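Worth knowing before you read on, the calculation uses all heavy atoms, side chains too, and leaves out hydrogens, waters and symmetry mates. Keep in mind it's a predicted model, so treat the numbers as computed, not measured.
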Protein chains: 6
Amino acid sequence: MRPSGRAPDALRPLSIEPHVNLHAEGSCLIRLGNTHVLCTASVEERVPPFLRNSGKGWVTAEYGMLPRATATRMRREAKEGLSGRTQEIQRLIGRSLRAGCDLVALGERQVVVDCDVIQADGGTRCAAITGGWVALRLAFDRLLKAGSIQRDPLGDPVAAVSVGLYGGVPVLDLDYPEDSEAGVDANVVMTGERLIEVQMSAEGATFGRDQMTALLDLAAAGTAALAAAQRQATGR
Amino acid sequence: MRPSGRAPDALRPLSIEPHVNLHAEGSCLIRLGNTHVLCTASVEERVPPFLRNSGKGWVTAEYGMLPRATATRMRREAKEGLSGRTQEIQRLIGRSLRAGCDLVALGERQVVVDCDVIQADGGTRCAAITGGWVALRLAFDRLLKAGSIQRDPLGDPVAAVSVGLYGGVPVLDLDYPEDSEAGVDANVVMTGERLIEVQMSAEGATFGRDQMTALLDLAAAGTAALAAAQRQATGR
Amino acid sequence: MRPSGRAPDALRPLSIEPHVNLHAEGSCLIRLGNTHVLCTASVEERVPPFLRNSGKGWVTAEYGMLPRATATRMRREAKEGLSGRTQEIQRLIGRSLRAGCDLVALGERQVVVDCDVIQADGGTRCAAITGGWVALRLAFDRLLKAGSIQRDPLGDPVAAVSVGLYGGVPVLDLDYPEDSEAGVDANVVMTGERLIEVQMSAEGATFGRDQMTALLDLAAAGTAALAAAQRQATGR
Amino acid sequence: MRPSGRAPDALRPLSIEPHVNLHAEGSCLIRLGNTHVLCTASVEERVPPFLRNSGKGWVTAEYGMLPRATATRMRREAKEGLSGRTQEIQRLIGRSLRAGCDLVALGERQVVVDCDVIQADGGTRCAAITGGWVALRLAFDRLLKAGSIQRDPLGDPVAAVSVGLYGGVPVLDLDYPEDSEAGVDANVVMTGERLIEVQMSAEGATFGRDQMTALLDLAAAGTAALAAAQRQATGR
Amino acid sequence: MRPSGRAPDALRPLSIEPHVNLHAEGSCLIRLGNTHVLCTASVEERVPPFLRNSGKGWVTAEYGMLPRATATRMRREAKEGLSGRTQEIQRLIGRSLRAGCDLVALGERQVVVDCDVIQADGGTRCAAITGGWVALRLAFDRLLKAGSIQRDPLGDPVAAVSVGLYGGVPVLDLDYPEDSEAGVDANVVMTGERLIEVQMSAEGATFGRDQMTALLDLAAAGTAALAAAQRQATGR
Amino acid sequence: MRPSGRAPDALRPLSIEPHVNLHAEGSCLIRLGNTHVLCTASVEERVPPFLRNSGKGWVTAEYGMLPRATATRMRREAKEGLSGRTQEIQRLIGRSLRAGCDLVALGERQVVVDCDVIQADGGTRCAAITGGWVALRLAFDRLLKAGSIQRDPLGDPVAAVSVGLYGGVPVLDLDYPEDSEAGVDANVVMTGERLIEVQMSAEGATFGRDQMTALLDLAAAGTAALAAAQRQATGR
């Protein structure tokens, strides 16, 4: 039924390769089917102005897509400026990662998580959150090992997955062909059994409370599977 | 318990004044407590390039805030360029209004809904959606009356309201002091009993499925009350 | 003779509604016929770099127009950047208000006067100056009452009006249809019987000294009437 | 009395050197004391969109200043974007030159007059108008000679000069030290005895009608002298 | 003697992995030591305006660097706009690839070669040219196979390498620590034994003709070795 | 053989007029045939952030072209932003002038060399370097005379010239018609017999080592002649 031939509740093949970048404090390459996102975490010993002398740290994210990550080449954002879509995505990634992080334990430093889409086939913002958490975890491991921080600022993995109604059926982890046909489409960010963010929207359609429930059930199963892979990649 | 003294399920005083703009095809001033948004709908006899010769129309939205709409003066966006927040909001408004609109019935023309916040006290994006629908309704009434369109592209009112957990309690229609303290915060867009968009997010917190249910119940009651006011303002 | 049916020396119906903004230190909504401008004065306890440690304050102005203030929707300036016309107008407003203000009495603080055109029908820059002075007057009243300043920095009202040659006849307070036909067009800023700024220009025409004199006479009468309304609105 | 030692009604030494640019259809270098402006007129066989198929032509102007035209080096506008001051000036130059030009006789073509300040010592916008007219005159002579236009679109020279109150005394053609001290400052554009534009403004001061009259008398004498030099430089 | 311990004439370990991108017509990942560049070639069935109806095609290049490609995180170019350095590099890459390409044989289509630096350790522009040629080769193979072009537009490989004087000694293929210390630094682009571009420059130093000769000899040996790897990766 | 009728090794008529700008610490107008570049050197008592407290100074360059410097009017860079070509050129000029300058002897101050092309006919970047050195020399003479610096930071003149293969023949100092036809084109910067920068590139062609040698021989003779003129203009 799905173009990909997957069962409605099946994730795409998943791999998370840690330590792919020589320079970054934490990094991984996450592959979810044909969606590949390179995530790096950069630790900076300064915080944004609104946090100076607060004793608290900050986690922020930036997101980009290489011009030929997509089927048709896109214009380079360095020429165009940040699109609204890009800004919306990077705000979501940052908010999601902060929700799973104790900023006081981090101390007055900032971590910038860069998520760059090397190849895209739907679900890039969710892959960025899932991979971004791994990069953050590895950077914090280094800070803990170096004694720069005493208490671990991170708890359970933060993972995100897309769900949607495809041909009226709730499906997990939409690839691009599915996503472009889905009438209702959601991104769900979870940590353990708790929700961090739900963005469910209809393009040219509406949805009922029962459909919402079915989609959230699927998402909970999906993020649990992602969290297991995050733990394995980080040795936690 | 609430800084405003309102009951958890109470909306702020609401008024929708239609026909406030001499030039626009449809317009209203929506006041929800101290949040005041001026909404105009401008009909243009052209569509974006991707819809040319498709027979379909388009509804899009733009959002702005006057510099002193807020307690502290903000820099003018004409100087700064569109912020990520602004772009995110105007994409939400446009998506919400399109979900309640039959673009084929509209025919190959575009309606631009401008939502300008004259004064802000929380909930501006929701007020913009609710008021934007009224401006759109009035513009469509004019097109119908002029015979430019034959079939009404709009159905039930599209209304939006914010809900959140304030001090752990689900509350409706947060004003700014409540919004800045709330751990979980959601914007819910509905038409009748159907959902169009749910954006629920936690800043530095998480939420459970039961809390989500309670918040959606509140939102459903709130949007029903808003829809009644939308009908009254447009004589529907 | 005039499209509006007014006598050559007649102003349009005028109202100045003070205290329209909850947040601003001073504010008013000025309506001159169908031209409506919202003016707010925001007091900031800092000055531009060139005045630091000078003991002097500063008054500056910003001007904007909502996209559907005009008969045909304009592109939003937040997308386009500040146009040359906008910059020219806000420099004029700032210069005019400063000319009527003792910057030493103000002390080292800045007042930003925002003039946002809600609806336009010609003469917006003049209405902005006239309304801007009212907002400034109310902000200064608050500073005086609070004891933040000891000596009143403002003297007589600063008022502005447009005049022009319409069909060869000098007329006062041009609306948009008149303005777009006028061969000679002027904006005159006065305080009492003294001039602050005269900008008289011909588009595709020229004018003689005698015509200039007639236009300035009209403007003097017009600004006197505006000043009376400014006094009334501010209780001065 | 004047820092320059000039009589109140004395212009600075003036020279207008025509044909200084190999490529441009018309060009001159105007020197008014230490203010040196290079003016070129470029003829383009197209008009702005709003004039297509109107049978009318267009004259527009652009203005720039080399970074070290001034006593202190300014940042290059190519880095900064066009300042509000620059845009205001180039609108003035264009309006002034168009007022002296029959756009129907020009036919559907555009002339861009570039005025680049090589060295500045006050009065650059006036020198640009005066020199710009010479460049335009020479370009039109070429078009007439080539038979591209049949009827001469230009009449009497358009010339501009600054006047102001310096130490309370009306003076002509202010240089930079005078201009920065003057309480009232005006730019006057004339053609023959007719006015095209008067911009008189007070910075931190006001002025009376009698002072305005004295300043306009001075300006009339000054532009007459400039017009004689314009005729000589163009052989008219 | 070299920080890397390499012999003066030794390249870093080199690998070129073809077909790394699902969407692009040609692609490779080139690794030269710790410098890793992802190159994609995108074929577009249109040409820039200056080539329309010329029968000729175009090859152009764009270059980017991920924020954490470098030891210290750089600001994202999507925020900053294209830097001068980036523009200079992408002009060099495009010029170099065009020099080795018969644009008439390509026909009226454009190939955009995107070179994105995933990780940087000196020599990124040279790696981009070398890898860019491989992506171009693979894209042309596809066009030839599909019969879209009849005659192969590409000849011998185009390869580029950096050389420099490090501690006064000519060395090949500088890594970042060497590059930042070198007094003279050159990028040499060759095809077979012919030169396409030589950019040799001294920062705070000068060089003689004999030193130039020695550096060019080294570069010729280096590009020959790169060309062998390019042939192997593309099966030519 | 050359369109200009010159011998292959002939420079165009050259003049260097020093002290052309009233305000700048050093200045000249260099004319090489129809290429005219105005060069000013501005001394600023501050350095870029990366040199603060280093005891070293900095020399940087900016380059611009008036809109009608060229046969067809170009859009003004103040409207367009700095093009890639402009940035590449100003980086070359700055690098070349710094190579001939002892930045320690300069002390912690910055000299900005502005090179503005008044009229262009090929070879503008080389003329800018040659004229820029003269402006720098004159500014340093003033600093030495004033006692602001004790030791002369400048040595032999830095001069630049273009060479190229025109119709297969090596020619010196290409004008625009030659430059646009040349298959190989180089800019060579020298000081005495030492090289500072060689940029030799082929557009749609390649070149051999022997051709490179012949071009460098021509360039050496050309820069020697330019250096003699630089000495004469500065009295050195």
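No donor-acceptor pair closer than 3.5 Å links the side chain of Arg52(F) to the backbone N or O of Gly55(F). A donor-acceptor contact shorter than 3.5 Å links the side chain of Thr35(F) to the backbone of Gly122(F). No donor-acceptor pair closer than 3.5 Å links the side chain of Ser162(F) to the backbone N or O of Gly123(F). Judged by distance alone, with hydrogens and angles left aside, the side-chain atoms of Arg73(F) form no donor-acceptor pair with the main-chain N or O of Pro67(F) at under 3.5 Å.
Between the side chains of Gln230(E) and Thr130(E), no donor-acceptor pair of N or O atoms lies under 3.5 Å. Checking Thr70(F) against Tyr176(F) by side-chain atom types alone, no donor-acceptor pair falls below 3.5 Å.
Taking chain E as the reference chain and counting heavy-atom pairs below 4.5 Å, the highest number among Ser83(F), Gly208(F), Ala186(F), Cys101(F) is found for Gly208(F). Most heavy-atom pairs under 4.5 Å with chain F: of the set Arg85(E), Gln211(E), Glu193(E), this distinction falls to Arg85(E). Among Glu88(E), Met212(E), Gln87(E), the residue with the largest count of heavy-atom pairs under 4.5 Å with chain F is Glu88(E). For the set Val198(F), Thr191(F), Asn187(F), the entry with the most heavy-atom pairs within less than 4.5 Å of chain E is Val198(F). For the set Ser201(E), Ala202(E), Gly84(E), the count of heavy-atom pairs under 4.5 angstrom toward chain F peaks at Ser201(E).
A salt bridge is absent between Asp102(E) and Lys56(E): the closest approach of a Lys/Arg side-chain nitrogen to an acidic carboxylate oxygen does not fall below 4.0 angstrom. No salt bridge links Arg236(E) with Asp156(E); every basic N to acidic carboxylate O contact stays at or beyond 4.0 Å.
For Gln90(F), no part sits under 4.5 Å from any heavy atom of chain E, backbone or side chain. The contact between Thr213(E) and chain F is made by backbone and side chain atoms together, counting heavy-atom distances below 4.5 Å. Within the 4.5 angstrom heavy-atom criterion, atoms from both the backbone and the side chain of Asp217(E) approach chain F. Looking at Met190(F), neither its backbone nor its side chain comes within 4.5 Å of chain E, counting heavy atoms on both sides. Residue contact with chain E, scored on non-hydrogen atoms closer than 4.5 Å, is absent for Asp210(F). Thr86(F) does not touch chain E: none of its heavy atoms, backbone or side chain, sits under 4.5 Å away.
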